[in-house]
Amino acid sequence: MQILNSPSREEVNAAHFRGSWMGIGIPSVRNAFMVSRFKTACWLCLLISSIPIHLLFNSTVFQTDRRESDFHMTIATEEFLDGGSFYPPGAGLVQAGFDTFFYNSNNTGPLLDSEYINDKEGIGYGRPVNLTDYADENSDAVKNISATASNAGGWEKLDIRQCKQEYVDCSGLKGHRSLILVVDKPGGWIRNENWHLLDNQTEFWARYVPPDQPNHLFFAAQCEMYARRMLNSPTVCDNTCDLAIGETHYLPDGKAPLLNSPDWEFPFFWGDYDILVNGTDTAGYPPSVYTSGSIFTSGLQPGTFNMSVKYCLAEPFERVCHIALSPTLLLAVTLCVVFKTCTAILVTVVLSRRNQPPLVTLGDAIESFIERPDRITAGMCTVGQAEIRRAMKVRNAFLVPGPRWWQPLRQRRAAVIPVSVWLTSYLLFAFGIGVCGYFLAGIQSSGGLVGSFFESDQNLFIDLAFTFLAGVLLANSPQILLSICYLAYNNMFTRLQMAREWSLFSQGYQGLRVTDPKYSTYRLQLPYKYSIPLIAVSIFLHWLLSNTIYLFVSTGGYFGTDLFITGDLVDSSLPPNTAIAVGYSGKSLLAMLVISCVLILVPFILSFKLLPSNMVNIGSNSLAISASCHASILSHAAKARANSLQLDSPMSSKLDIPQTPRSPERLCTLLPSERFTEDANGSNIEMQRLVMSSTRKSSRLSSASSKQLLLRRSEDSDSNGGDEQQVSPFRKLARSKMRWGVVAMPPEWHAEHDNEYGVVEHLSFGVQEDDVKPPESGQYYA
C-alpha cells in the first residue's frame, strides 16, 4: 500500500504545478487522492479488503473449550463395588433432590408426584426423582445405580485431594464424569439401627429397604455442574449435589474449610435437614420456606450419617481438544486475500508498463530531483516545509524564488512533524488508552485483577448474549483500532527517521538510500534496524490484544446456562449447549495499557534532539525536498559525467544538460505578506528567512502573475525532463557520497542573483571534491 501511496515524479510535478506538494517516504492520506486514479482505486481496494481480515482472521480457526456438566454421584461402601447388597434409594431413606420437596409444600403430594420444579439455586442433593421410581427396576434411577455397581470397579481411583479439586473446587467435568464416594462404613448400614421409624413409616419403607439387611448404598443422585457469575465478577462453579458431598453455602467461608482439610468428613444432613427428616414440626420457620417436616421418616439416630470418605472412584472419559473451523469466516478471509493478491498483481503489471517508478524513500526523491531538477523550485534552496505549509494556508499565495537571508535553524526534531500530525496521532493514542483505562477501572471496582493473563474462564465476561458472528466482530474490532494507531505511530517514527537521515547530509558525505534494486536492498523509507523492531512490536501488541479481549466458545453444557451469560440467544449454526461469550483479561489489559503508555513516549523522546543548525527543515514535503536539490553544473561529479557522456555517445541530442538554476525575476515572498504579522516572541524568524533583499525596493507579485510563472516554469521542466531516455549529467552526483551546503555556481548565476547586499551563494548537494561548506549566518542564498 505504501508503494501505491508513493507518488511518481510525474505526479509530483503535477502537484507542484498546482501549487501543492506531496508527502515523500510516509503513508499519507493526502497522497492517496493526489496520485493517479488507478493508484487511488487500488489503494482503496487494498484498504477496504484489509478490514474483514482484521475482523475475521483471528477467529477463523479457534479452539473450543469442552466441559461436561451431567454426572452421577453415589455414596457407598467398598462392599458395594464387590457385589454387596444395596437397596435404592439407599440407607439415607431419601430420594435424590429430596430437599426441594420441603420448599413451600406439605410434603405429602410432591414426594409421589412426577412433576417437580428444577430450581438450581435451591437444590443441593441432585436432580429430583419420584420416590416410586425406586420400586421400578426399569426406571432410570435404578438402572443408573445398578450400572454404577457393575462398572465402578474399573474406574479411576482418586485420592481425597484430587477428588476435592475436581468435584468440590470444580470448573466443569474435564476428564472424569460419574463419581463414587467410598466411605468408611464396614458392613454397611442397617435401617433399624439408623432409624426408629413409626409403624406407618415402617410399613411404607418395607417395599424399598429391608429393616434388618445391610445396605451398602447410602445415596445416589444425578448431578449437574454449571458455571455461574454475577455482573463484573469471576465465574464460579455450582454443583447441584454440593450438600450431598459436604460442601455447604451455609458456612461463611463456603468451600474453604472442606478444601483445606486433609480429610473428608461431613454430616450428610446439613443444618436444618436433620430436623426435617426426623419429622419434627417446623412451625417456627417462615411459611415461604418450610411448612412441616417429613412424615415418612423419623427417629434418626445422632451421628449416624456422619460421612468419612476414604477415596473416590471416577469414571474417566477421553477429553478431546477441539480445533474448530468456521467455513463462513474462512471463505470471507480467503476471498479478501485472493482479492488483495489479484490487486497486487494488477498493480505490478500496470505500474511496470507505465515506467513511472514511485518515490518511496527520501533517497528516491533526492536522486530524482538532482538528476531532473524541478524548475518550479529553482532559487528556493532555503525554503522549508513550515514556510510552504504557511503559504498554502492563505488562498492564492505562492512561494517565489530569490535570495533569502540565512539564519541558523534553532529547532528540535519535533518540528519535522507538523502540528496537525502530532495532534491527530496523539488524540488517536489517547482514545485507545482511554478505552483501556475505562475497562481497567471497571475491573478494579469489581474486585481487582482476577483471573488469568491469557484466555481463561476465570476472567471477566461481557454480560451480553452473542451469536458467533457478533462475538467475533466485537472481540476483534479493537484490532482495527490498534492497526490504525500503529500506522500513525509508524508515520511519526518514519518522519523522525527521515529528519535524522536528512541531517546526516549536513555533517558529512553520505550516500542515498534508494529502492532501485541495482543499487540498494531497501524497499521502504524505514531501514530494517527500525522497521523490524516496529513490526515485532506490532505483532506483540496484536497478540497481547487477542489475550485482552477474546471470543470464548464452550460446548458440553457447563457454560450453556443463563446463569453464566444473561439471555437466551441461540445460534443455530453451532451445536446444542454451546456457549458464546466475549471475555477480557484484566492482567493482560493492564500490560497493554502500560506498554502503550511507554511506547507513545518514544516519539517524544526522539523529537527532543536538536536539528542541525546548518540545514533546512524539509520534513517529508516534496516541494522543500525539490528546492534543496538544484545541483551546480560546476560540481566535479557533474562535469566528469558530462565529459564522459560526450565522449561515449555520438548522439549529443540525448544528453540533457540542465540549465543553470535561475529565477526569471527578482521576486518577493509569500502573498499577501500582510497576513503574516507573526507574534513578537520570536516566531517571525522564519519569515525573515523568506524575505529577499530586493523586496525592500520591489512591489509584491500578484496571484495571477504567480500562476503564470508556475505554469511557464512547469512547462519548461516537463519539456526538458520528461523524456525518460535522456541522460542527466547529475546521475553520477546522485549516486556518489554527497553533502548538502554551499556549492560553487557559474558566473552567469551570480550575475543574476548578486545584489547590493553582497554575493549571493547557492545551497545544494556536492561531492567531496566540491569542498561543500556549511551556510553562514547573515549570508544570502538562492
Side-chain angles (χ1 to χ4, degrees), residues 21 23-26 359-367 369-370 377 380-389 404 406-419 421-422 490-514 520 522 524-531 602-631 685-686 689 733-734 736-743 761-768 770-777 779 781:
W21 81 91
I24 300 296
I26 58 170
L359 305 181
V360 180
T361 67
L362 176 63
D364 289 340
I366 293 175
E367 179 187 39
F369 288 126
I370 289 179
T377 57
M380 300 163 61
C381 62
T382 60
V383 175
Q385 72 163 351
E387 292 88 344
I388 294 173
R389 284 179 172 270
R404 290 175 176 83
W406 177 265
Q407 281 193 347
L409 191 66
R410 297 184 180 90
Q411 291 180 337
R412 300 185 184 275
R413 285 188 184 176
V416 304
I417 302 178
V419 175
V421 176
W422 279 110
N490 182 280
N491 185 303
M492 299 180 69
F493 219 92
T494 301
R495 291 174 185 269
L496 293 172
Q497 194 281 328
M498 285 179 63
R500 176 186 175 276
E501 181 180 352
W502 175 252
S503 67
L504 294 176
F505 288 108
S506 69
Q507 301 170 7
Y509 294 90
Q510 308 289 333
L512 294 175
R513 289 195 318 106
V514 296
S520 175
Y522 292 102
L524 299 176
Q525 172 58 41
L526 274 178
Y528 294 139
K529 65 179 180 180
Y530 298 110
S531 59
V602 175
F604 266 125
I605 296 172
L606 295 179
S607 65
F608 271 93
K609 190 171 183 179
L610 288 171
L611 291 171
S613 61
N614 54 354
M615 287 290 282
V616 175
N617 176 14
I618 61 168
S620 59
N621 192 295
S622 61
L623 267 174
I625 297 172
S626 171
S628 302
C629 296
H630 291 273
I685 294 178
E686 290 189 359
R689 195 188 306 172
L733 172 64
S736 303
K737 289 188 175 182
M738 304 179 296
R739 180 174 179 174
W740 192 85
V742 181
V743 295
E761 301 289 350
H762 182 61
L763 299 174
S764 187
F765 288 94
V767 294
Q768 192 167 2
D770 298 333
D771 192 23
V772 180
K773 303 290 185 182
E776 297 179 1
S777 178
Q779 177 66 37
Y781 297 96

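What you see below is based on every heavy atom in this structure, not just the backbone, and it leaves out hydrogens, waters and symmetry mates.
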Indicate yes or no: at least one non-hydrogen side-chain atom of Leu409 is less than 4.5 angstrom from one of Val616. no
Hey, does Glu776 have a side-chain heavy atom less than 4.5 Å from the side chain of Tyr781? yes
Is the count of non-hydrogen atoms from other residues, nucleotides or ligands lying under 6.0 Å from Gln507 atom CD greater than 12? yes
Nearest-0.5 Å distance, CE of residue Met498 to CZ of residue Arg413: 12.5 Å
Check: Ile618 and Leu362 side chains under 4.5 Å, non-hydrogen atoms: yes
Rounded at 0.5 Å granularity, tell me how far CZ in Phe369 sits from CG in Leu623. 8.0 Å
Do you know which two heavy atoms are closest between Val416 and Ala499, and how far apart they sit? CG1-CB, 3.5 Å
Arg495 vs Pro418 side-chain heavy atoms within contact, under 4.5 Å: yes
Side-chain heavy-atom pair Leu496, Ser607 within 4.5 angstrom cut-off: yes
Got Val743 and Leu763 here, is their nearest side-chain heavy-atom distance under 4.5 Å? no
Given 3.5 Å as the limit, does a donor-acceptor pair link the side chain of Ser620 with the main chain of Ile26, or not? no
Interatomic distance, OG1@Thr382 vs NE2@His762, rounded to 0.5 Å, equals 10.5 Å
Distance check, rounded to the nearest 0.5 Å: Phe765 atom CZ versus Leu733 atom CG? 9.0 Å
If you compare all heavy atoms of Ala415 against all heavy atoms of Gln411, which two are closest, and at what distance to 0.1 Å? CB-OE1, 3.5 Å
Interatomic spacing from CD in Gln385 to CD1 in Ile625 - rounded to 0.5 Å: 9.0 Å
Residues Met380 and Ala627: closest non-hydrogen pair is O-CB, 3.1 Å
Which residues share a side-chain hydrogen bond (donor to acceptor under 3.5 Å, both in side chains) with Ser764, sequence neighbours left out: none
State, yes or no, whether a side-chain contact exists between Asn490 and Tyr530 at a heavy-atom distance under 4.5 Å. no
Mind listing the closest non-hydrogen atom pair of Ile370 and Ala631 along with its distance? CG2-CB, 4.4 Å
What distance do Asp770 atom CG and Tyr509 atom OH have between them, rounded to the nearest 0.5 Å? 7.0 Å
What I'd like to find out is whether the side chain of Trp502 reaches to under 4.5 Å of the side chain of Leu611, using heavy atoms alone. no
